[in-house]
**Student:** 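Submitted below is the structure of interest, expressed as structure tokens.
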Amino acid sequence: MTDLFSYLIRRLGWMLLTVWAVYTFSFILMRSVPGNPFSSERNVPPAIERQLRARFNLDAPPLQQYTDYLVGIVTRGDLGVSIKLEDYTVNEVLAEGFPVSASLAILALVFAITLGVTAGVVSAVYRGTAGDLALMGTAVLGIAIPNFVLASLAILLFVFWIPLFPAAGWGTLRQVILPALCLGAPVAAYIARLTRAGMLEVLGREHVRTAFAKGLPKRTVILKHVLPGALLPVVSYLGPATASVLTGSLVLEKIFALPGIGSHFIYAATQRDYTLAMGMVLTYTVLLFVMNSLVDISYAVIDPRVKLQ
Amino acid sequence: MSGVSPQPDGQTSPAHQATPDQAALEKILRESREIRGVSLWQDAWRRLRRNRSAMCSLIFLIVLMLAAIFTPLLPLQSPIDKDLNNRRFLAPNLQPVVLGGRAGLKFEDGRLTSQLAKYTSDAAEQRAEILAIADAGERDKQLAEFDARTRIEHPFQQLWNNLGPVAFTMCRIRVAIFGDWTIPSLFGTDKLGRDLLARVFWGSRVSLVVGIVATIVSLVIGVSYGAIAGYFGGLTDAIMMRIVDMLYSIPFIFVVIFLVTFLSEDSVKAILENYGIHQITIFYIIIGAIYWLTMARVVRGQVLSLRTEQFIEAARTIGASPMRIVFRHIVPNTLGVVIVYLTLTIPSVMLFEAFLSFLGLGVAPPDVSLGLLLNDGVEALSIIKLFWWVVVFPGAALAMTLFALNFLGDGLRDALDPKMKNRS
């Protein structure tokens, strides 16, 4: 227990360091782009531009902007006011979009794990059969097709030809299934391949042979003796999987017109909405860090040989 | 005791060779001479050859590479010439198309070869006129201007985008061989009337280059980083690997988007052009720079087990410097893992390129890449009229490439697995 506690403390320290590094890097990168958020708008009178700059604290020297914003985040958790979205603070934008993005991502991961592990187990158990070949072929296809293509085809197929799902929008379960499936598909494919490889390795071990020799039914052997060992690589893949789901959601939210936070980001970055873009980057960094830490912890729980460090 | 001393080996008299023992020994020796030691690579190659899907993939990839390198030589239509009046969204067909035949190009006789002949003779005339100028300074100035102008006005510039010197020569050879004849629009045409077959070929060329260059960048960074961390161990290793852990938690897509918006800013672009760096070069480097993390981890793991081997010890004893040990003795031994991982990195880099192009942040038109083509295709998908070919062909090209790379990677992993040595 103390192990876990000290691990968490240490992870927290690393997280703060990471977030700070990301903050500094993004800050420098954003400010070194020539021009400012208002330079693209036509005919802003100089007086008004001065006012705008003062409003967003852009007239202060860069170092002071850096510290002011950092202090605001640390002391008040205040990510500032969005420069381009009128009457919105970044916190409000995040609060509105986060539930959408989070449920999409979680649903996608759940889909990916269920589908991937099932497919992997089935194809490992029936190794070499036509079913195995078909499943693994589909898995490679899932990895090889970019998810925006998959999503467009899925819309065509399941919305227009076979009207199962609504095309876009948010709110009901039916609206979230299709985007979540498309988002989870490449991850599912990857998990299926990892599970199959892991299963095949464990199936050849001595303890599995013993279990069969004892006369245990196949089902028990596979679920109790083989699967837990085979899932270790899958668990360690969940960290990168989260990253890929977060990345993919940028595109899928655009295609399915979902009001999540991903759809704001590209706009924010290209329109130089400094505060909004910074808020997004920091949020995603924290999310990814937490997910990676959870993966490490669960890894240690599943495999007693692994020590948290 | 001064009897017969035992005869030393090698001085056996001929009489002894006849004994059965000697004959057996000779036989064994002869056999052993015929047995060849199988090196890791030979063994791996033997196993890879037996893996049918990996071999098919390998052949496919070689053909693809050749096709990508020699794209300008193939009798394809122009990848950038638009024909909004007559050729928008043509379905795949076999109607012959003449290169440079579009009326809007105003080519002589409506063919590239005639235009080219006219252009060359005109240019030669003008050049002769300039050369006739008596004043040397004036002549050189005009000549330089003229050369710059001819490069821009060359008919090729209207049919191909931004050809480098090598591609330009290849286009010349292509025109010399095939003349105006082109492959008909087997893949149909896109929303601006451009031939999709040509665009898929030119796009694969760009995508492959992105994939390979970015992977090489990631290879160089990842291998050196991992090898150094693993070899030095201790505190160096701890710090270096902590940094990798930290980088793993950064959502790189966001940083990349920042970087790309930064780099595509006009003033930044102009500065880079000054140094002769094209924006796309930076693009490769960025992608490569974010894909080295896993490579570094994998290599470090290998190096940790290698560094206690005796041949490293030997190298150290004879006074080899640490850097020499790392790069001459350790890195070559990690090659197997690295190659396998390379074949798996190229596909993810290519996907990432497609992804960025879809967001409008990748390769910019008029350059083409598979990602850009797919983006066009997805935009053209609608329920009212199904232009399936604009998405199916680029998608199939990308998917087949990635398929082949994945299968080859899997095959290589099995083939190079030391546990499988000397087994089927």
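So you know, we letter chains A, B, ... as the sequences are listed, proteins then strands, and number each from 1.
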**Student:** Return the CE to CG distance between A:Met136 and B:Asn406, rounded to the nearest 0.5 Å.
**Tutor:** 12.5 Å
**Student:** Please flag which part of A:Ala21 lies under 4.5 Å from any non-hydrogen atom of chain B: side chain, backbone, both or neither.
**Tutor:** side chain
**Student:** Please flag which part of A:Leu246 lies under 4.5 Å from any non-hydrogen atom of chain B: side chain, backbone, both or neither.
**Tutor:** neither
**Student:** So which of A:Val251, A:Val22, A:Thr242 has the biggest tally of heavy-atom pairs under 4.5 Å with chain B?
**Tutor:** A:Val251
**Student:** Side chain, backbone, both or neither: which part of A:Phe265 has an atom under 4.5 Å from a heavy atom of chain B?
**Tutor:** side chain
**Student:** Determine the option with the most heavy-atom pairs under 4.5 angstrom with chain A, choosing from B:Phe358, B:Phe407, B:Phe355.
**Tutor:** B:Phe358
**Student:** What distance separates B:Tyr248 OH from A:Asn292 CG, expressed to the nearest 0.5 Å?
**Tutor:** 9.0 Å
**Student:** So, taking the atom named CG in B:Leu351 and the one named OG1 in A:Thr247, what distance separates them when rounded to the nearest 0.5 Å?
**Tutor:** 12.0 Å
**Student:** Flag the pair A:Ile143 / B:Leu402 as yes when at least one side-chain heavy-atom distance between them is below 4.5 Å, and no otherwise.
**Tutor:** no
**Student:** Rounded to the nearest 0.5 Å, what separates atom CZ in B:Phe403 from atom CG in A:Leu141?
**Tutor:** 5.0 Å
**Student:** Just so I know, are the side chains of A:Phe148 and B:Val378 near enough to count as touching, which here means a heavy-atom distance under 4.5 Å?
**Tutor:** yes
**Student:** For B:Met246, does the CE atom sit with more than 12 other heavy atoms under 6.0 Å from it, leaving out its own atoms?
**Tutor:** yes
**Student:** What are the two closest heavy atoms between B:Arg242 and A:Trp14, and how far apart are they?
**Tutor:** CD-CZ2, 3.1 Å
**Student:** Is B:Asp245 close to chain A through its backbone or its side chain, or both, or neither, when contacts mean heavy atoms under 4.5 Å?
**Tutor:** neither
**Student:** Please say whether more than 12 non-hydrogen atoms of neighbouring residues, nucleotides or ligands are located less than 6.0 Å from OH in A:Tyr190.
**Tutor:** no
**Student:** Is there a side-chain contact between A:Pro146 and B:Leu374 in this structure, where contact means two heavy atoms from C-beta onward sitting under 4.5 Å apart?
**Tutor:** yes
